[in-house]
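If you're wondering where the values come from, they're calculated on a predicted model, not measured in any experiment. Lettering of chains follows the sequences in order, A, B, ..., and the numbering in each one begins at 1.
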Number of protein chains: 2
Amino acid sequence: MANWNGAVASREEIRELKRRAAVRVAARIFNEKGYHATSLDEIADEIGVTKTALYYYFKNKEQLLYECLVLTYDCGQTAQQEAQALDGSAYDKLCLMYRRFIDTLMEERGAYTTTANIKSLPECQQKEMFARRTQLETYIRDLVQDAITEGSVRDVDPRVTASFFLGAVNWILRWHSEEEALPANAVAAHFVDLFVNGIVKRD
Amino acid sequence: MANWNGAVASREEIRELKRRAAVRVAARIFNEKGYHATSLDEIADEIGVTKTALYYYFKNKEQLLYECLVLTYDCGQTAQQEAQALDGSAYDKLCLMYRRFIDTLMEERGAYTTTANIKSLPECQQKEMFARRTQLETYIRDLVQDAITEGSVRDVDPRVTASFFLGAVNWILRWHSEEEALPANAVAAHFVDLFVNGIVKRD
DNA sequence: ACAGTTTTTTACTCCAGCGTCAATAAGATG
DNA sequence: CATCTTATTGACGCTGGAGTAAAAAACTGT
């Protein structure tokens, strides 16, 4: 298998790929059974190695969870950046944000950003995660407020609406991983439709 | 404190009250930190007794979780029964169901009915919980379908919409327990508003 | 094929936390 | 106040699973 060289991965790259694979497996099982209910042996088994091998890549179990959560928040951040880059109304941004958030999340499949999960992290990383969560929520809230001001959205409470927004996003990940009669993007589109119709202003 | 008798609780009643109190405390901490991350010592401490005392009331930790989950599903069931008893359109029933579900849930404060939590139960109780979940989801789905048929709701996908419905309900419990700037019923009303506007048909 | 490096394993240690048991405290009843 | 029942406690056994150290195996380059 040695080296057709050029196209084939270096050591560093292989290491990185293995890390990523491990994180994805971990995220899946954490989501299914919960962080504390999942043993490292279980994750290792699923990958096809021994628990100890994981310690070669990750400092400890918490580190593994941390990277799962980072993956998830990165999806939100990516969606946010795309929305900010869009040259359009607050309403357009909100729609794009929602759609892209769900899209990337379903693609990446990180871990649920539940309070319980975050609280399982060491103090310092907890702070970071809670900060990212607040940041995201604030951005959405402001977007809703702007959309109301510009007259494209009815007079809803921005805080509650932002929460409603995030709730649906969080839920879709949870729900769609279990059953899967519909393709991911169909579900995403439908959620966008339901959310947008809930807030849009009509003449 | 002995007995003004007549109005005061019997032994059985006291026992039942203590059980209920314990379940509520457990539910709260389970929700905060997750089932497996919560030790019985912790729950006992919060109540002001020793871990061993809990074993006088509950067979084991799983039993405690079980009762928390039952509490939650009972809220859904109550809402369903009220909706079924209502003499009105499918649309009216759906609205009532949503509102009452959230209301009772915020009042009772059971445990999150996550897959992870359910999977922490012994086989037999797992089956029961999954069955209740399915039952609830089916009822909502049918209600949505009926509302579409009767022409009061747009042509949405009943399955996805039912999921959207449940996602928001589940989320509200999670979210509102943490922060609480608004009174419970205000949040409930707002969620109903957002959901209903998302599906209602307009001329 | 050999020396050096990276990766994985085998074989442990250690402890948090569930659940038990026997002993004690509190409360009712005659 | 003596006895019987109910409620609670303190002390302990035991196991699952996180984390470690040292050896073995798998590559890499020369």
Distance below 4.0 Å between R15(A) side-chain N/O and dT7(C) OP1 or OP2:
yes

Without decimals, in angstroms, what is the distance between D41(B) CG and dC12(D) P?
16 Å

With respect to L143(A), which candidate in T161(A), T138(A), L94(A) satisfies the side chain to side chain contact (heavy atoms under 4.5 Å, CB included) definition?
L94(A)

Is there a residue in residues 49-59 of chain A whose heavy atoms reach under 4.0 Å of DNA chain D, and which residues are they?
K51(A), T52(A), Y55(A)

Measure the distance from CG on L40(B) to P on dT20(C) and round it to the nearest whole Å.
11 Å

Give the rounded distance in Å between these two atoms: NZ of K18(A) and C1' of dC27(D).
10 Å

What residues, two or more places apart in sequence or in another chain, satisfy salt bridge (charged side-chain N to carboxylate O under 4.0 Å, His left out) together with D146(B)?
none

R11(B) side-chain proximity, nearest of dG27(C), dA18(D), dT28(D):
dG27(C)

CD1 of I47(A) to CD1 of I29(A): how many Å apart, nearest 0.5 Å?
7.5 Å

Assess, by modelled atom type and distance only, whether the side chains of N117(B) and S120(B) contain a donor and an acceptor separated by less than 3.5 Å.
no

Starting at CG of L17(B) and ending at P of dT6(D), how long is that distance when rounded to a whole Å?
18 Å

Calculate the interatomic distance between I14(B) atom CD1 and dA7(D) atom C1'; express it in whole Å.
11 Å

Once you round it to whole Å, what is the distance between P of dC15(C) and NZ of K61(A)?
18 Å

Test of understanding: with ring-ring contact (aromatic ring centres under 6.0 Å, His included), list the residues that count as partners of F191(A), not counting sequence neighbours.
F164(B)

How many whole angstroms separate atom NE2 of H36(B) from atom C1' of dG17(D)?
13 Å

Taking the six-membered ring of Y35(B) (Phe, Tyr or Trp), confirm whether the NZ or CZ of K119(B) is under 6.0 Å from its centre and within 45° of its axis.
no

What is the distance from CG of N60(A) to P of dT20(D), rounded to the nearest Å?
8 Å

